Amino acid sequence: MIEITFPDGNKKSYEKGVTPEDIAASIASGLKKKSVAAFVNDELYDLNRPIEEDANVELITKDNEKALEVLNHSTAHLLAQAVKRLYPDARFGVGPAIDEGFYYDIATEHTIKEEDLPKIEQEMRRIVKTQEEMQREEMTREEALKRFKDDPYKKELIEELDEGETVSIYTQGEFVDLCRGGHVGNTRHIKHFKLLSVAGAYWRGDSDREMLQRIYGTSWFTEEDLKKHLDLLKERRERDHRKLGKELRIFMLSDKAGQGLPIWLPNGYTVRRVLEDYVYKLEKKRGYHHLSTPVLGTKQLYETSGHFTHYRDDMFSVMEDEDETFVLRPMSCPHHAIVFDSELRSYRDLPIRYAEIVTQHRYEKSGALTGLERVRAMTLTDAHIFARKDQIKEEVLSAFYLIQQAIHDLNLEIDYIELALRDGDKGKFHPDDALWDEAEAVMRELLDEEGIDYKEMTGEAAFYGPKIDIQVRTALGHVITMSTVQLDFLLPERFDLTYIGKDGNKHRPVLIHRGLVSTWERLMSILLEQYKGAFPTWLAPVQLKIIPVADAHMDYAEKLHEQFIDEDLRSELDRREEKLGYKIRDAQTKKIPYQLVVGDKEVEQNAVTYRKYGEKDQHTVTIEEFKTIIEQDIRDKT
RNA sequence: GCCGGAAUAGCUCAGCUGGUAGAGCAACUGACUUGUAAUCAGUAGGUCACGGGUUCGACUCCUGUUUCCGGCACCA
């Protein structure tokens, strides 16, 4: 007999070799049904894996987050088994559970197409029906190597394990897979799943190695959950900024103008100007000085900064004219460094904060380009703060809080914060360890002191220094880097920047790079998706639409329209001779925040009847009242 | 850049095994003068992404290119 201790402290005796499933059944039949796996002494156990000694056992039920992961992982195995039956030459890479699903990487002569997915799914369902037991087996590394000798990918994975490590494999029917485990125990537990797509993926994520075929899928405990998830995927497609951006005439892309070179249409540019203005004022209040520098710079400038050597491949071609050589700038710090260096600086002048609306060009790989999210010409508000070492914490934090404010005003939410650090890669990061140690320590310290939660990411730093990256989750579920504060000791060296200290000697300033709300392009893609194209009034390209009931009311409507335009409201008047319902529908599909209907009643009362986008109620108010309402709305930014 | 898929009217899409294209919406014209999501009728609109090939004949089959989409890699 062995003794099992439950999370609530209760203990119970069981036969040696009892499985989590048995334990669940012994407590309640409902619990057995709900259980998916278990933590046995904090190790993930399959439902059918025997427990050989006294242990702490926590059953993982379907409502536990881990349960879905186990289910999806098991579904990946099921997928592999089905693929192997249909394409016997198939060899397998890795097949993990991921957020919202799973995938498996496959090597086979057969090119797997989207049309093949139903066939594979069908085979999977067949295996579910025959209720294959997913049997765990443990062996030495050497045995495992023998077992998988014809499986180059699995073999490679095993070879990387330490000598003497125990390897576990799982067998279900004729299919055997190398796997650490945590499985549902039997294929019959897998019921509600769908294969979603096929894609290519490099073996081990290494672009120098071969590409495998990857099948993505998703698996759930109930049909409702599966359906809900599929609906969510559909909803995300509806929110796609490329679709909305086209419908609402926000931006366009044209192969005639150039791949990845977006064109801002009047609607989009209006939103952008509002954002630019907002940021300009925000920065102005925080002591930033705005300036403007050219999109073209000498190659020498970027050689000095180090960007040219680091990012040569991601820059547009070098331009040569007579004896000068230029590049399209990929970023703006060198220009700002030069401005700093153009005058003698005293310690009293610091910090100096330069901000600029910068257009920059990067030769992004063609496959990376995506709508406004990833482009080759982008504009952003970029800032560089030149400070003394004793000012670092204050300046980094103030930049951080500025970012927080902007993200809040845009109705976005910080998902998490990353502290990006270097790793041992001397080619990727500048080699001065002392500078790195100091910079990384300061960043860590200030985050800790301020009680800001963050994840450390080694190997993710910029080549010149550590970064604090602010990650935002978009409405489509992507996590993107929205903002960044980077501490740089290197560029001031490279440009030999100095200021005169209290002691009368020259000192080296530090450089803090600050990206506020990504680029306008990317921000627009995020906002479009966030608001589903229905911009809040302060951002909306058209804030209100005046709709006269009939021609007779046109004069009144014209007068209103003029008044609103004078008040700096973005007003439009529908002058078409159409039915009221038709014009209203048009205003609605354009997602205009306020639609104003004016007819006999309004003319008589000097009033407007408005309806807010997304609301059902209509309100009749005087013109003055309406102005107060919309102006308040604009101030609220909601 | 890599793997796979796609490209038909301004937009959304149909077009079977090869016989040179069609709908809805939008646009334009006319009638209707309207009270909260589509009034009716008519007109016009396409080198079927581009180049080459197979064929008596290609939107359809083959091939190259371009762009887009799903991923991977990359992202100062």
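What's counted below: heavy atoms across the whole structure, side chains too, no hydrogens, waters or symmetry copies. So you know, we letter chains A, B, ... as the sequences are listed, proteins then strands, and number each from 1. From a predicted model like this one, the values you see are computed outputs, not experimental measurements.
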ask   = Is the number of heavy atoms from other residues, nucleotides or ligands within 6.0 Å of OH (A/Y363) greater than 12?
value = no
ask   = Does NZ or CZ of A/R209 lie under 6.0 Å from the centre of the six-membered ring of A/Y202, at an angle within 45° of the ring axis?
value = no
query = With sugar-phosphate meaning primed atoms plus P, OP1 and OP2, does A/R214 contact a base, only sugar-phosphate, or nothing at under 4.0 Å between heavy atoms?
reply = sugar-phosphate
[X] has a side chain; which of [options] sits nearest to it?
X      : options             : answer
A/R242 : B/G70, B/A76, B/C72 : B/G70
A/V597 : B/U36, B/C2, B/A76  : B/U36
A/L580 : B/G35, B/G4, B/U36  : B/G35
A/A199 : B/G71, B/C75, B/A37 : B/G71
A/H307 : B/G1, B/A76, B/C32  : B/A76

message = Is there, by distance only and without an angle test, a donor paired with an acceptor across the side chain of A/E364 and the base of B/G1 below 3.5 Å?
response = no
Quick one: side chains of residues 249-266 of chain A, donor-acceptor pairs under 3.5 Å with protein atoms, not counting sequence neighbours, listed by atom name and distance.
| unit_1 | atom_1 | unit_2 | atom_2 | d |
| --- | --- | --- | --- | --- |
| A/S254 | OG | A/K256 | N | 2.9 |
| A/S254 | OG | A/A257 | N | 3.4 |
| A/W264 | NE1 | A/E521 | OE2 | 3.2 |

N/O-N/O pairs, protein side and nucleotides 14-17 of chain B side, under 3.5 Å:
none

inquiry  = For A/R374, give me all partners under salt bridge (charged side-chain N to carboxylate O under 4.0 Å, His left out), at least two apart in sequence or on another chain.
reply    = A/E364
